[in-house]
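Taking it in order: structure first as C-alpha cells, then the write-up.
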Amino acid sequence: MKITAAHLYKINLPLQSPFRTSFGQMTTKDFTLLALHDEEGNSGYGECSAFSQPFYTEEFRDSAYLLLKNTLIPMILNQELSSPTQLSCYFTTIKRNNMAKAAVDTALWDLYAKRNHQSLARAIGGHKTEVLAGISIGIQPSPELLVTKVRQAVKAGYQRVKIKIKPGADYQYLKAVRNEFPHLMLMADANSAYRLKDIDCLKRLDELNLLMIEQPLEADDLLHHAQLQQQLTTPLCLDESINSLADAQAMEQLGSGRIINIKISKVGGLTAAKMIQAFAEAHQIGCWCGGMLGSGVARAADIAAATLPGYVFPNDISASQRYFAHDIIKPEIKLDNGKINVPTSSGIGYGLAWNIIHRYSIEETIF
Ligand code: OSB
Ligand code: MG
C-alpha cells in the first residue's frame, strides 16, 4: 500500500449546544481531518481530535496540524506500507503527540480495510454487530436542569449516562439524578478536578451506586489514584492517565483503578487501542471507548474499536445529532434501541458530506 497523495482540512464544526467540563466550555468542535489516497485511487479518512487549547492533554489543534503537515505526512508519503501496524516504525523518532499520530493511524486503517473489502471493525479483529451507546452530559447550571437533560437522554434511548462533575457541582447534582432514575446506569467524570485531600467529597459518591468515577485526580497521579481506589467502593476508571500500554500496565500493578476509558486519539490510534484492550482483557480490567466530541469520522473509528472483545461497558458514542446539526459523514450515526449498528460496508462504512466539510473548513493543505 503506497500513499501517493494526502489532504489536511482544519475544520471548526458548530456544536448544537455548548459543552462544559471542569476545564472549560466549547461551542465548536475544532479538529483536523486527514485524507490519505493510495496508488489505486482509494481514500482513507482519519480525525485528529486535538482541541484548540491544550486543556485535555498537552496537544492542541494547531500544534498537531503543524506536526502532521511538516513531519508525519512527509514521513509516510510514497512509502510502501504492508499494514497500518507498521506505522510505529516510521514514527519512532517522534515522541508522544498521540492525537496527531492517531489521525494517520486511523486513516491508514480505513484505507487498508477498503483495499481488503472489509469493514474497519472486521479489519481490526472486532466481531460485534452493534455497540452500546452512552451519552456524556456537560456541567449544567443547576441540578434541576441536569435532571431535564438526563430525562431527554433516557428518552432518546441512551443506555448509560455520564455526568461531568467538579468540586461544587458533584454530589447534589448526581443525587438529584439518582432520585429520579434509581436504576439508570449512571457514572461521573471529573477530568482531574479533585485532589486526594478531597477524598471525603468523593467517598460520599459511593452511596449513589455509580457504575464508575472517571479520572478524579491528575493525569500523572497513578499513586494517589491507587490510594483513593482502596478507600472507595465505586470502581475508578482512568481516562487522561492512560495514553499507552505502559500506562495500563502501571495502573494494573498499582491498583490505580479497575476500568479504562480507551480513546483512540489519546493512545495514538487503533493499533495502540487494540494492544491496550488485549492487556486489559487479560487482566480483568473492563474497557469502553471514550470520545472527544468527535466528528462522524472519529466516531466511525470509535464504533469499530468498540466491537473488540474487551469493550464491555457502554461507550461515549452518541448519535450525530447529539452534538452536530450537520455531521461530516453520511448517513449520520443514529441510535437503534440504545445501540449503534456496526456498518458492514468497507472501511469506516460511511461516506463523507463534502458540502459540510467545505463549509466549515478554515484551512487546507494538499500533498
Ligand atoms: O473526558 O471523556 C472526556 C469531551 C471532551 C473532553 C474530554 C471528555 C469529553 C467527553 C465527551 O466526555 C465524550 C463524547 O465524545 O461523547
Ligand atoms: Mg473523561
Side-chain angles (χ1 to χ4, degrees), residues 13 15-31 47-61 98-99 102 131-140 146 149-150 153 156 158-166 169 186-194 210-219 225 235-243 247 251 257 259-267 273 287-303 305-306 313-324 327-329 333 335 340:
L13 197 61
L15 289 172
Q16 294 264 37
S17 55
F19 190 88
R20 182 174 286 284
T21 67
S22 61
F23 52 65
Q25 173 165 297
M26 279 174 261
T27 53
T28 56
K29 168 64 194 176
D30 300 346
F31 67 100
E47 174 181 306
C48 171
S49 295
F51 297 123
S52 53
Q53 295 296 326
F55 39 43
Y56 172 74
T57 64
E58 65 273 33
E59 282 182 277
F60 56 103
R61 203 256 301 263
N98 286 350
M99 295 198 200
V131 299
L132 301 176
I135 190 170
S136 174
I137 298 182
I139 295 170
Q140 300 300 314
L146 175 62
K149 288 269 175 190
V150 173
Y158 288 101
Q159 305 229 343
R160 181 232 67 196
V161 176
K162 165 168 135 179
I163 311 289
K164 293 288 188 183
I165 57 167
K166 64 177 183 182
L186 184 66
M187 60 176 285
D189 184 1
N191 290 110
S192 304
Y194 296 83
L210 301 178
L211 185 63
M212 64 190 89
I213 300 172
E214 186 177 337
Q215 197 69 42
L217 310 178
E218 286 183 287
H225 274 106
L236 291 182
C237 167
L238 296 186
D239 173 5
E240 284 89 328
S241 293
I242 308 297
N243 297 291
D247 289 340
M251 164 192 174
I259 299 168
I260 303 178
N261 170 351
I262 305 180
K263 288 187 187 171
I264 297 171
S265 54
K266 66 170 184 184
V267 302
C287 296
W288 54 280
C289 180
M292 291 284 285
L293 309 177
S295 76
V297 165
R299 230 171 278 226
D302 290 344
I303 293 170
F313 293 102
N315 309 283
D316 273 349
I317 308 177
S318 310
S320 296
Q321 282 296 321
R322 148 73 180 124
Y323 287 124
F324 308 110
D327 203 343
I328 65 163
I329 54 164
I333 295 168
L335 291 201
I340 295 169

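All values derive from a computational prediction rather than experimental measurement. Read the numbers this way: they start at 1 and go in the same order the structure lists the ligands and their atoms.
Ligand 1 places these atoms under 4.0 Å from at least one heavy atom of Asp239: 1 (O), 2 (O), 3 (C). Near Phe23, meaning under 4.0 Å from one of its heavy atoms, ligand 1 places the atoms 6 (C). Set against the non-hydrogen atoms of Met292, the atoms of ligand 1 under 4.0 Å away are 15 (O). Taking every heavy atom of Tyr56 and a limit of under 4.0 angstrom, the matching atoms of ligand 1 come to 7 (C). Listed by number with element, the atoms of ligand 1 under 4.0 angstrom from any heavy atom of Lys162 are 2 (O), 3 (C), 12 (O).
Of the inter-residue distances, the one linking Asp189 atom CG with Asn261 atom CG reads 7.5 Å to the nearest 0.5 angstrom. Of the inter-residue distances, the one linking Thr28 atom OG1 with Leu13 atom CG reads 8.5 Å to the nearest 0.5 angstrom. One finds the CD atom of Gln25 at 9.5 Å from the OG atom of Ser17 (value rounded to the nearest 0.5 Å). Taken from OG in Ser136 to CD in Glu214, the straight-line distance is 7.5 Å, to the nearest 0.5 Å. Distance check: Gln215 CD to Leu236 CG gives 9.0 Å after rounding to the nearest 0.5 Å.
Within the structure, ligand 1 lacks Gln215 among the residues with a heavy atom less than 4.0 angstrom away. Ligand 1 does not have Thr21 within reach: every non-hydrogen atom of the residue lies 4.0 Å or more from it. Proximity of Lys164 to ligand 1 is established by a heavy-atom distance of less than 4.0 Å.
Checking side-chain atoms of Glu47 against main-chain N and O of Ser295 turns up a donor-acceptor pair under 3.5 Å. At distances below 3.5 Å, not a single donor-acceptor pair connects side-chain atoms of Lys263 with backbone N or O atoms of Asp239.
Here the side chains of Ser241 and Met251 are not in contact, with every heavy-atom distance at 4.5 Å or above. By the 4.5 Å heavy-atom criterion applied to side chains, Met187 and Arg160 are counted as neighbours. Between Tyr194 and Ile213, the closest side-chain pair of non-hydrogen atoms is not below 4.5 Å.
Take Lys29 and apply the salt bridge (charged side-chain N to carboxylate O under 4.0 Å, His left out) test, not counting sequence neighbours, and it matches no residue. Residues passing the salt bridge (charged side-chain N to carboxylate O under 4.0 Å, His left out) test with Arg61, sequence neighbours excluded: none. Residues passing the side chain to side chain donor-acceptor pair (under 3.5 Å) test with Tyr158: none are found, sequence neighbours excluded.
Around the Mg ion (ligand 2), the protein contributes the following N, O or S atoms at distances under 2.8 Å: Asp189 OD2, Glu214 OE2, Asp239 OD2.
Neither the backbone nor the side chain of Phe55 has a heavy atom within less than 4.0 Å of ligand 1. Under 4.0 Å from ligand 1, not a single heavy atom of Ile317 appears. With a heavy-atom cut-off of 4.0 Å, Arg322 does not touch ligand 1 at all. Neither the backbone nor the side chain of Ile135 has a heavy atom within less than 4.0 Å of ligand 1. Under 4.0 Å from ligand 1, the heavy atoms of Asn191 that appear belong solely to its side chain.
Remark: minimum distance from atom 15 (O) of ligand 1 to any protein heavy atom is reached at Leu293 N, 2.8 Å. In terms of protein heavy-atom proximity, atom 7 (C) of ligand 1 is closest to Lys263 NZ, 3.6 Å. Looking only at protein heavy atoms, the nearest one to atom 5 (C) of ligand 1 is Phe51 CZ, 3.5 Å. Annotation: atom 14 (C) of ligand 1 to nearest protein heavy atom, Tyr323 OH, 3.3 Å.
The aromatic rings of Tyr323 and Phe19 sit perpendicular to each other, their planes meeting at more than 60°, with 30° as the lower class boundary.
The two residues Asn191 and Glu240 come nearest to each other via the heavy atoms ND2-OE2, 2.7 Å.
Considering backbone and side-chain atoms alike, Ser318 places every N or O at 3.5 Å or more from each N or O of ligand 1.
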